[in-house]
Amino acid sequence: MMGTLSYLVFFVTVASLFAIATLGLNLQWGFSGQFNAGVVGFMAIGAYTYAALTAPAQHEHVGGLDWPVIAALVAAMAVTALVALAIGLVTIRLRTDYLALATFGIAAAINHLALNLEGITGGGRGIAGIAKPFADLPPLWFGLAFLALAAGALLAVYLLLERLVRSPWGRALRAVREDEVAAAALGKDVDRMRLTAFVIGAAPMGLSGALYAAFIGYVSPYDFLAILTFQIWAMLIVGGSGNNAGAVLGSFVVWALWSLSGIVVVLIVPTKLQVQGGAIQAILIGLLLVAMLIFRPRGLMGERLHSSPLLRDDAAVRH
Amino acid sequence: MKTRFMLAAASALGLMLAGNAAMAQGAAPSCPIKLGAIIPLTGPQGPIGKPIADTAQLAVEHVNAAGGVKGCPIEMVLRDDTGQPTLGVDAARYLVDVQKVPAIVGVVGSGIATAIVSAVTTSAKVPMVSCCAVTPTLTRLSEEGKTGGYFFRTIPTSRVFAVAHAVAATDRGYKNPVVIYVNNDFGSALLRDLEKAIGTLGGKIAGAIPYNENQPSYRTEVNQALALKGDALILIAFSQDGATLAREWISLGGTQNLVLHNTLRSQDFISAVGARFLTKAAGIDNAQVAGASVDAFNAGFKAKFNRDPVGPGLHTVYDSAVVTALAMQQAATLDGTAIRDALRQVQDPAGEVVVPGVEGIKKSLEAIKAGRKVRYVGATGPFTFDKNGDVTGPALVWKVEDGKLVTDKVIDLEQMTALFKRIGY
């Protein structure tokens with residue numbers, strides 16, 4: 001029982017960390033239509049910033065700065081936002097698939113920087129011994145305390161983003177997403193709005209990466225492979241892009257798909273076929289993703305649109 | 001549009017991950033003792049991981065055919081990490097928390113092994129015996145006491161290469177070699193170990209130049225290296241790049257006192273560079289371990305799969321599973337700490353030598369049950385976990401004679417262990 005509880009706590013913690021990144025992507029894609037295919041790059045920046053600020057002194061790379069956890073988390077978000085600002089300024093004229101390709105390339109470049117900037121990132125060996133908050137507690141209590149931290153961060157990001165997208169600025173952002181020319185004609189500074197959304201959306205991704213580094217206590221470039229970008233995207237699309245609650249739900253559902261399907265395979269596949277388990281699991285994940293998209297094309301919770309709090313119109317957005 | 005894109009992507013992913021499918025085997029009796037295994041079965045490492053998983057199951061089969069541990073058959077609970085650390089950690093958490101496995105074997109990727117040690121096995125006090133993770137980070141974590149002694153591996157670390165390079169260079173009287181090394185975690189870790197080894201054996205590295213893989217030319221790097229004016233060149237490079245580097249080095253007037261990495265031990269390299277430039281060249285490699293214990297594994301593998309055990313991680317994963325099973329038999333109780341301590345007890349230098357295969361394992365299980373000491377000599381030959389849970393292995397030095405590769409010298413396990421002590425690893 002305790003074991004199952006401990007595993008569940010772990011599962012919810014990891015899913016919450018992913019949900020934070022998914023919420024960031026939801027602001028970028030769901031609300032402002034910017035196709036960021038480099039989510040993992042921003043997560044890596046957050047994770048490495050946190051790691052560099054908290055890892056113990058080591059002769060191979062920076063360390064020994066001993067920042068407090070909260071300060072390092074805030075710094076991770078700030079650095080990620082700054083990098084996003086630089087990237088956003090460069091890519092501001094790119095739309096849809098062009099932006100996707102550019103951000104994908106940037107994420108790959110960030111991964112290579114992580115591999116090669118040994119003095120900061122430890123290269124392929126990664127950074128070990130990162131400060132874990134609550135590390136002195138016994139394992140189960142550590143899990144619960146970290147869950148509280150992760151869930152608290154998720155709640156804070158959710159509430160802030162909800163407030164943001166329901167504000168007049170959020171409505172203008174959706175207008176930009178739907179029709180840039182019309183929005184510009186109405187006097188909205190389209191580039192500025194897109195850039196702001198891109199930067200604000202990147203910050204939670206950095207936070208997510210930083211919390212992941214704090215949770216595991218180790219980061220390496222192998223933590224931030226392109227597959228993770230795909231998983232975060234799947235979380236958003238399955239949950240329902242343009243809906244923050246959907247983004248959170250999608251994160252839990254899709255992460256369950258990846259991790260719990262492995263458990264299902266262990267439970268149902270006979271031992272002698274175990275080596276096929278991986279393939280069976282992969283097929284399972286693919287089938288379930290396809291099925292969800294067929295039966296819930298707008299995601300589990302589609303976008304709910306209302307133009308103003310006074311005028312409730314719950315019609316779903318057109319696609 | 002969005003939806004259609006995701007549909008396509010999702011089905012593409014399904015196909016991508018579904019990848020290969022081959023044969024497997026196993027045994028699922030009652031009263032099983034669980035043994036966790038985390039091995040990539042899909043994803044980029046899937047093609048390497050699947051034969052490793054097959055071999056791990058072969059080891060479990062052998063143990064079960066030999067009577068099992070404490071009278072119980074072992075059931076391997078295998079999880080696929082897909083090459084993603086997050087999923088590896090998730091699998092480890094599940095195996096430890098829900099399946100209550102007393103030990104975990106396998107674990108191929110270094111990044112995954114370090115993440116699992118850092119997040120799961122150390123705090124849960126569950127030993128992990130990796131077959132394939134070579135990263136020096138884990139040695140460092142062990143030295144700093146951050147693994148609690150719960151991390152072991154059956155694959156020699158790259159330090160064996162560092163020692164071999166240092167021996168090859170100092171044997172030839174090179175006092176001041178220049179190093180050109182591949183710029184990745186492997187290369188930079190090897191360089192650090194090499195500096196220490198050469199220092200101990202009476203030389204000093206004149207300087208080291210990193211290179212990035214797959215470039216058409218390395219003139220810049222070679223010129224930088226030439227400027228260091230060393231008396232020899234130690235070249236830690238992969239085959240294609242190594243040939244380019246060696247050609248440019250020699251054509252720009254560099255010394256022919258070369259010490260080459262094991263990846264350059266090929267006829268292709270010799271013909272690419274030209275045998276007449278390599279008369280003074282030496283190189284290093286792992287020495288092929290031979291002996292009854294290796295033959296016993298090879299025979300067992302061939303009987304099962306009808307092919308020779310060629311490929312990374314096969315011998316080491318067999319040893320990681322068998323030595324863990326023997327430790328389970330040795331341990332008073334099936335808890336992680338007892339198994340951790342027993343892992344060293346089944347390598348007692350004064351013990352009866354026992355080998356792979358059903359017969360060998362049966363003999364050792366019975367000996368342990370009868371309270372006798374055993375020394376498991378495995379599919380990788382004799383090996384002993386050092387204080388960090390690492391193992392060393394023998395190495396060899398080769399040279400080129402009349403355009404052919406010949407072995408110049410073998411550094412056997414005893415010499416290697418002595419050198420490790422002397423260098424202070």
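Predicted, not measured: the structure shown is a model, and the values here were computed from it.
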Novice: Which pair of heavy atoms, one from A:Ile130 and one from A:Ala51, lies closest together, and at what distance?
Specialist: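 So the two residues come closest at CD1-CB, 3.5 Å.
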
Novice: Does any donor atom in the side chain of A:Tyr212 or A:Asp223 lie under 3.5 Å from an acceptor atom in the other side chain?
Specialist: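 A:Asp223 and A:Tyr212 do have a side-chain donor-acceptor pair below 3.5 Å.
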
Novice: Which one, B:Leu141, B:Leu138, B:Asp80, B:Asp97, leads in non-hydrogen pairs under 4.5 Å with chain A?
Specialist: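 Top count of heavy-atom pairs under 4.5 Å with chain A: B:Asp97.
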
Novice: Do you know which of B:Asp90, B:Val98, B:Thr86 has the most heavy-atom pairs under 4.5 Å to chain A?
Specialist: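 With the most close heavy-atom pairs to chain A, the winner is B:Asp90.
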
Novice: Between B:Glu144 and B:Arg140, does any NZ, NE, NH1 or NH2 come within less than 4.0 Å of an OD or OE carboxylate oxygen?
Specialist: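 Counted as a salt bridge, because a side-chain N and a carboxylate O are separated by less than 4.0 Å.
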
Novice: Would you mind checking which part of B:Asp81 comes under 4.5 Å of any heavy atom in chain A, side chain (CB onward), backbone (N, CA, C, O), both or neither?
Specialist: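 No part of it gets close to chain A.
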
Novice: Need one label for B:Leu78: side chain, backbone, both or neither, based on atoms under 4.5 Å from any heavy atom in chain A.
Specialist: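 It is both, since atoms from each part get that close.
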
Novice: Shorter than 4.5 Å, heavy atoms on both sides: which option in A:Val14, A:Thr4, A:Ile263, A:Leu225 has the most such pairs with chain B?
Specialist: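 Between A:Val14, A:Thr4, A:Ile263, A:Leu225, the count favours A:Ile263.
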
Novice: Any side-chain heavy atom of A:Met43 within less than 4.5 Å of one from A:Val39?
Specialist: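 They are in contact (side-chain heavy atoms under 4.5 Å apart), so the answer is yes.
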
Novice: Contact part of B:Arg79 toward chain A, heavy-atom cut-off under 4.5 Å: side chain, backbone, both or neither?
Specialist: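 Looking at B:Arg79, just its side chain touches chain A.
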
Novice: Evaluate the side-chain proximity of A:Gln276 to A:Ile280: yes if any heavy-atom separation is below 4.5 Å, no if none is.
Specialist: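 A side-chain contact under 4.5 Å exists here.
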
Novice: Looking at A:Arg298 and A:Gly240, would you say the former's side chain and the latter's main chain have a donor-acceptor pair under 3.5 Å?
Specialist: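 Here the side-chain-to-backbone pair does not exist.
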
Novice: Among A:Tyr218, A:Phe142, A:Trp255, which residue forms the greatest number of heavy-atom pairs with chain B at distances under 4.5 Å?
Specialist: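 The residue among A:Tyr218, A:Phe142, A:Trp255 with the greatest pair count is A:Tyr218.
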
Novice: Would you indicate whether the side-chain heavy atoms of B:Val89 and B:Ile116 approach each other to under 4.5 Å?
Specialist: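 In contact.
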
Novice: Who wins among A:Ala135, A:Ser259, A:Pro138, A:Gly277 for the most heavy-atom pairs under 4.5 Å with chain B?
Specialist: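 Sorted descending by pairs with chain B, the first entry is A:Ser259.
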
Novice: With a 4.5 angstrom heavy-atom cut-off, which part of A:Leu8 approaches chain B: side chain, backbone, both or neither?
Specialist: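 For A:Leu8, neither part sits under 4.5 Å from chain B.
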
